[in-house]
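Here's the structure we're looking at; comments come further down.
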Amino acid sequence: ASFAQYTVIVEEMDVPLNIAQKVASQNGADVSDTKALASIPPSAYLKAGMGKAETSTIHLASNGHYAVESGGSAENTTVVWNGKINIIMWDQKKVIQMTPEQIEQMVKGAQSMMEQIPNMPDISKMLENANIPKEQLEAAKKALAGMPKTKGAPKSKPMVSKTSQKATIAGNSASLYIVKEGDKTRGIWASSDNKALATKFKEMGEIMSALTEMAKKYEGTPEWELIPGTYPLAGVDISAGMFGQKNMRARSTKEIIKGEPSKKAFYIPGRAEGFQVGGMEVMMQGMPGMSTKNR
């Protein structure tokens, strides 16, 4: 692991259609043009969201450990890597701990489930027999076409193009790259100013190599592979959603603080503080239909 250390503060939000339309209009872009939408600076979407953005704080320590604090509206969560993954669900007072091997097995199980989708009943035929308007039927078929196919289906090779657009984000210069991969379009504002931070970002991603492989398959190739040696300061991700809608997410770095993060950022509470501690069974406890007997 590299020995540089940082704290990075990031703002991000899902972009609803009305905000996408507003920002597109302000920038003279067609809302149906995904490349144009991805080329608009993410800060424009975040500003138009008027306080709906969530803030995440990433702590990168010199010993290779990292912690990610997410203060979303649904759950106040911290993920700490210290040789194993610790997911701290503060509101529910739970700590879920998994080794890299356990994560890999979990991901393989999820992949196996996804690969069974083609063996399920033909949903398109079921839709045709349903009493729904023609316009909605066509939109639903189009959305279904983007769902994962068989295990042997060819994977789209990402196409990366560097544009002439530049910006300064969190004190670092960045260039805009447009990435097309399958039905996904991404605008990535990447910087080569800070090589040490770029290395730390890659290290953090590669630690979660099993999850990274799943993300490649269903979300897209990670930035450190698309644009090596750079740090992604901001981005806009667009993919096909249900009924012809688009799924959009915008993120932008607010601040980069150099220096060793506080040890408090890596603190993991235990049973003495009233937390349940264990594997995935701890997360499942209390969920509808999940029995907690004999645990």
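Since we're looking at a predicted model, the values are computed, not measured.
In terms of heavy-atom proximity, P158 sits nearest to L226 at CB-CD2, 3.7 Å. When all heavy atoms are compared, the tightest approach of Y6 to A196 is OH-CB, 3.6 Å. When all heavy atoms of K200 and A61 are compared, the pair lying nearest together is NZ-O, 2.7 Å. Nearest heavy-atom pair, A265 versus V80, reported as atom, atom and distance to 0.1 Å: O-CG2, 4.1 Å. Nearest heavy-atom pair, A53 versus M13, reported as atom, atom and distance to 0.1 Å: CA-CB, 3.8 Å. The two residues Q102 and T99 have their closest heavy-atom pair at OE1-N, 2.9 Å.
Contacts of S262 classified as side chain to side chain contact (heavy atoms under 4.5 Å, CB included), with partners at least two apart in sequence or in another chain: K264. Here K162 pairs with S175, Y177 under the side chain to side chain contact (heavy atoms under 4.5 Å, CB included) rule; sequence neighbours left out. Under the side chain to side chain contact (heavy atoms under 4.5 Å, CB included) criterion, T168 pairs with no residue at all, not counting sequence neighbours. Here D14 pairs with R249 under the salt bridge (charged side-chain N to carboxylate O under 4.0 Å, His left out) rule; sequence neighbours left out. Legend: residues meeting side chain to side chain contact (heavy atoms under 4.5 Å, CB included) with K84, ordered by chain and number and at least two apart, are N82, N86, Q97. For the ring-ring contact (aromatic ring centres under 6.0 Å, His included) test, no residue two or more places apart in sequence or in another chain qualifies with Y45. For S161, the side chain to side chain donor-acceptor pair (under 3.5 Å) criterion is met by no residue, not counting sequence neighbours. Applying the ring-ring contact (aromatic ring centres under 6.0 Å, His included) rule to F275 yields the partners W90; only residues at least two apart in sequence or on another chain are considered. Under the rule for a side chain to side chain donor-acceptor pair (under 3.5 Å), D33 has no partner lying at least two apart in sequence or in another chain.
The salt bridge (charged side-chain N to carboxylate O under 4.0 Å, His left out) pairs that include a residue from residues 226-239 are R186-D237, D237-R251, where partners are two or more places apart or lie in different chains.
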For this session: Under the side chain to side chain contact (heavy atoms under 4.5 Å, CB included) rule, what do M248 and I19 come out as? Steps first, then yes or no, please.
Result: CA-CA 10 Å; M248 288 186 61; I19 289 180; over 6 Å; no
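Transitive grouping of hydrophobic side chains (ILVMFWY, heavy atoms separated by less than 4.5 Å) keeps L197 and I9 in distinct clusters. When the side chains of ILVMFWY residues are joined at heavy-atom separations under 4.5 Å, either directly or via intervening members, V15 and V179 end up in two distinct hydrophobic clusters. Both F201 and V79 are members of a single hydrophobic cluster when ILVMFWY side chains are connected at heavy-atom separations under 4.5 Å. A continuous path of Ile, Leu, Val, Met, Phe, Trp and Tyr side chains, each step under 4.5 Å between heavy atoms, connects I207 with W224, placing both in one hydrophobic cluster. A continuous path of hydrophobic side-chain contacts links V68 to M98 [ILVMFWY only; heavy atoms under 4.5 Å].
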Counting only pairs under 3.5 Å, give me each side-chain donor-acceptor contact of residues 34-42, with atom names and distances, residues two or more places apart or in other chains.
from : atom 1 : to   : atom 2 : distance (Å)
T34  : OG1    : T185 : OG1    : 3.2
S39  : OG     : K35  : O      : 2.8

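When atom types are taken as modelled, the side chain of K202 and the backbone of G229 share no donor-acceptor pair closer than 3.5 angstrom. No donor-acceptor distance shorter than 3.5 angstrom exists from the side chain of N27 to the backbone of A29, with no hydrogens or angles considered. Counting only distance, with no hydrogens or angles, the side chain of N76 and the backbone of D91 share no donor-acceptor pair below 3.5 Å.
One finds the OG1 atom of T55 at 11.0 Å from the CD atom of E69 (value rounded to the nearest 0.5 Å). The NZ atom of K258 sits 11.5 Å away from the OG1 atom of T7 when rounded to the nearest 0.5 Å. Note that CG of L60 and CH2 of W81 are 14.0 Å apart. Values are rounded to the nearest 0.5 Å. Between atom NZ of residue K263 and atom NE2 of residue H59 there is a gap of 15.0 Å, rounded to the nearest 0.5 Å. A distance of 11.5 Å separates OG of S70 from CD1 of I88, quoted to the nearest 0.5 Å. The line from CD1 of I227 to CD1 of I188 is 4.5 Å long, rounded to the nearest 0.5 Å.
With 3.5 Å as the limit, one finds no donor-acceptor pair spanning the side chains of Y231 and N172. For E260 and S62, the side-chain atoms include at least one donor-acceptor pair closer than 3.5 Å.
Looking only at side-chain heavy atoms (C-beta outward), W189 and S252 stay at 4.5 Å or farther from each other. Between S191 and I169 the shortest side-chain heavy-atom distance does not fall below 4.5 Å.
Chaining together hydrophobic side chains whose heavy atoms lie under 4.5 Å apart leaves M159 on its own.
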